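Note that the structure is a prediction, hence the values are computed from the model and not measured. Chain letters run A, B, ... following the sequence lines, proteins first, then strands; residues in each count from 1.
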Amino acid sequence: MTSIALIDGNNFYVSCERVFQPELEGKPVVVLSNNDGCVVARSQEVRALGVAMGVPWFKLRDLAKQHSIIARSSNYTLYGDMSQRMHTVIGQFAPEQEIYSIDETFLDLTGFNCDLIEYGQQIRQRVRQWTGIPVCVGIGSSKTLAKLANHCAKKAHVSSMADGVTDLNQLSASGLRELFSRIEVGEVWGVGRRIKERLNGMGIETVQQLKDSSISKIKNEFNVVLARTVAELNGDACLSMEEVAPPKQQIMSSRSFGQPVFLLEDLNEAVLSYTSRAAEKLRKQNHVAGSIQVYVRTNPFKPDEPQYNNGVTVKLLNSTNNTFRLAEAALYGLKKIYKMGYAYKKAGIMLTDLCPEHQVPVDLFSGFDLPESQRAKTLMATLDEINAKMGRGTVRSAGEGVQKAWAMRSSNKSSAFTTDWEQLAVVS
DNA sequence: TCTGGGGTCCTAGGACCC
DNA sequence: TCTGGGGTCCTAGGACCC
């Protein structure tokens, strides 16, 4: 039987803070977002007080005073570093590991010839001992079930739960049914607020009811994603382990401002720093960006004040990962959307149309000597090749350039074209 | 006074091509 | 010249995740 484990750091950011400040242990602690805006992590003690994720800190003033809640500003460099250590330690427990998020790792434990609950305990102990981070382990026959098991390991829903480790594969059919009938459908991975509401409207309120639903019906009423979730709940592993993280398709950098910003030059400065951060990430994955999007926003929580949201996408003539070239485009875009007289609360940029930096040797003129009737096919094959090598989004812009280049070469207007697709893209 | 910062995938509809 | 039906691509928007 397939056994997938999900190992997840408990209250991760809070736990990281506690590693370096042990005096926070056992006390109600929250970690706050940028500008100390809202709560992004809560210790168990704070959860017990009913504090929800994402609540603005200022709304907790009284409660915090009453219960001596300790707040820490977030320190993402620290969390990133702790995360790496945690994933490394966990990775020692199985040959196949997928790092899913900053605080979650999947391991494939299929075929392990041991008591997996005990094995899960070993993982917990070692991670705790070597990094200081407390984790829970959930095991099931699909990723979705592993996530659910992890939820059980935390919530002590299940009697077979051995202190932070739950293996759903060890439950009897009736035990599983009984357990799933007690868990709300909204706890399932992939069922968010909207879908939960719609499911409830159809009379589906528990995990068991969703599990028992007809896959084709769910596919018709919702989509293939939720249909897959139902299959996964039934132990049919549709989502495979992805050991190598795929390159990002978009890179975003944005911030809310502590104080409202009015001037273009102040926005310029913010946008410049976002662009430089994003470009750094872009270069780290050896990609170039074909477009950059810029947006600004006023404060939506102040409906009485004049509101203005706008964004613009700037296409780059040549894909690049050069900070200055990207910044130039970003500032140009910002200038286009900036309007005087508004109190801006947030700005951001996003790099899109990403593709690998290195050019592929593709002969764009292969087939040029063929009779005209056969050219189109060859050209399409060439474009497919570019698409396959360079990734989605390359084909059209290059394609237009190629066709133009072919036409010009046919009419002897120019022979200056190379086989460099980027140059040809400029032609279009 | 003070309200996060990232990402992914899927779908529907229009444009365009053959 | 007839102008249909199918495929593909792009975009925007909606849902989800941590």
Side-chain angles (χ1 to χ4, degrees), chain A residues 6 8-9 11-13 30-41 52-61 64 71 73-74 76 79-80 83 99-106 143-144 147 150 186-199 219-220 222-229 238-239 242 245-260 274 277-278 281 285 290-291 293 295 297-303 305 311 313 315 343 345-354 373 376-377 379-380 383-384 387 392-400 403:
Chain A
L6 177 73
D8 167 304
N11 322 314
F12 188 66
Y13 296 168
V30 294
V31 172
L32 302 177
S33 67
N34 214 34
N35 299 319
D36 293 343
C38 57
V39 173
V40 293
M53 184 75 165
V55 177
W57 176 232
F58 71 86
K59 284 193 179 172
L60 293 179
R61 240 340 97 83
S73 301
S74 45
Y76 291 104
Y79 310 149
S83 166
I99 296 173
Y100 175 67
S101 75
I102 193 163
D103 67 336
E104 290 169 285
T105 282
F106 286 106
K143 281 183 169 179
T144 304
K147 285 281 264 187
N150 188 281
E187 298 296 341
V188 174
W189 190 33
V191 178
R193 193 172 52 87
R194 297 292 179 136
I195 289 182
K196 183 193 165 178
E197 280 170 17
R198 284 174 61 193
L199 284 170
K219 189 174 172 182
N220 284 337
F222 295 87
N223 54 39
V224 293
V225 183
L226 195 62
R228 263 199 304 258
T229 298
C238 308
L239 306 171
E242 290 182 28
K248 303 264 180 256
Q249 298 176 40
Q250 36 178 254
I251 294 171
M252 180 139 72
S253 182
S254 67
R255 284 277 179 288
S256 297
F257 304 127
Q259 308 283 330
Y274 305 152
R277 278 166 33 100
K281 289 186 204 169
Q285 71 171 27
S291 305
Q293 189 179 314
Y295 71 88
R297 175 176 306 171
T298 50
N299 189 346
F301 296 100
K302 292 195 168 173
E305 291 185 2
T313 303
K315 285 221 183 230
K345 188 60 188 165
K346 187 176 181 181
I349 66 114
M350 188 158 79
L351 303 179
T352 52
D353 296 341
L354 308 188
S373 59
K377 226 174 197 159
L379 181 58
M380 288 316 293
L383 295 185
D384 281 349
N387 204 20
R392 261 167 57 84
T394 311
V395 144
R396 200 185 67 156
S397 61
E400 288 165 4
Q403 297 198 25

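In this structure, A/V31 reaches neither bases nor backbone, as no heavy-atom distance under 4.0 Å exists between it and the strands shown. Using a 4.0 Å heavy-atom criterion, one finds that A/K302 contacts the sugar-phosphate atoms exclusively. Within the 4.0 angstrom heavy-atom criterion, no nucleotide atom of any strand lies near A/L32. Heavy atoms of A/V191 sit under 4.0 angstrom from primed sugar atoms or phosphate atoms, though from no base atom. Residue-level contact check: A/Y100 touches the backbone only, with heavy atoms under 4.0 Å from sugar-phosphate atoms and none from bases.
Distance alone, capped at 3.5 Å, is enough to place a donor-acceptor pair between the A/S83 side chain and the A/I102 backbone. In this structure, A/S74 contributes its side chain and A/L32 its backbone to a donor-acceptor pair below 3.5 Å. Side-chain atoms of A/Q285 come within 3.5 Å of backbone atoms of A/K248 as a donor-acceptor pair (strictly under, hydrogens ignored). Judged purely by atom type and a 3.5 angstrom limit, A/N299 has no side-chain atom pairing as donor or acceptor with the backbone of A/K345. Side-chain atoms of A/S33 come within 3.5 Å of backbone N or O of A/C38 as a donor-acceptor pair.
Rounding to whole angstrom units, CG of residue A/N35 and P of B/dT1 are separated by 17 Å. The separation between A/N150 atom CG and C/dC17 atom P is 15 Å, rounded to whole Å. A/R193 places its CZ atom 13 Å from the P atom of C/dG14, with the value rounded to the nearest Å. Rounded to whole Å, atom P of B/dT3 lies 17 Å from atom CE of A/M53. Rounded to an integer number of Å, the gap from A/D36 CG to B/dT3 P is 11 Å. For the pair A/Y79 OH and B/dG5 P, the computed distance is 14 Å after rounding to whole Å.
Residues A/F12 and A/Y79 approach most closely at CE2-O, 3.7 Å, considering heavy atoms. The two residues A/N150 and A/L6 come nearest to each other via the heavy atoms ND2-O, 3.0 Å.
Comparing C/dT3 with B/dC16, their C1' atoms sit 15 Å apart, to the nearest whole Å.
The side chain of A/N34 places no N or O atom within less than 4.0 Å of a non-bridging phosphate oxygen (OP1 or OP2) of B/dG4. Considering only side-chain N and O atoms, A/K346 lies nowhere under 4.0 angstrom from the phosphate OP1 or OP2 of B/dT3.
Ranking B/dC2, B/dG5, C/dC16 by closeness to the A/K345 side chain, first place goes to B/dC2. With B/dG4, C/dC17, B/dT1 as the choices, the nucleotide that has an atom nearest any side-chain atom of A/K147 turns out to be C/dC17.
Both A/F58 and A/S256 lie close to DNA chain B; mapped to their nearest nucleotides by heavy-atom distance, the more 5′-ward contact belongs to A/F58.
For A/E187, there are no salt bridge (Lys or Arg N to Asp or Glu O under 4.0 Å) partners, not counting sequence neighbours.
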Completion exercise
Its contact letters, B for base, S for sugar-phosphate only and - for none at protein heavy atoms under 4.0 Å, make nucleotides 6-12 of chain B read BSBSSS-
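Paired regions of DNA chain C, where each region holds three or more successive Watson-Crick or G-U pairs whose two hydrogen-bonding distances fall under 3.5 Å, are B:5-18 with C:5-18.
Using cut-offs of 30° and 60° for the angle between ring planes, the A/W189 and A/F106 rings count as tilted.
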Problem - A/L226/A/V191 under side-chain contact (heavy atoms from CB on, under 4.5 Å): CA gap, chis, key distance, verdict - result: CA-CA 8 Å; A/L226 195 62; A/V191 178; 4.0 Å; yes
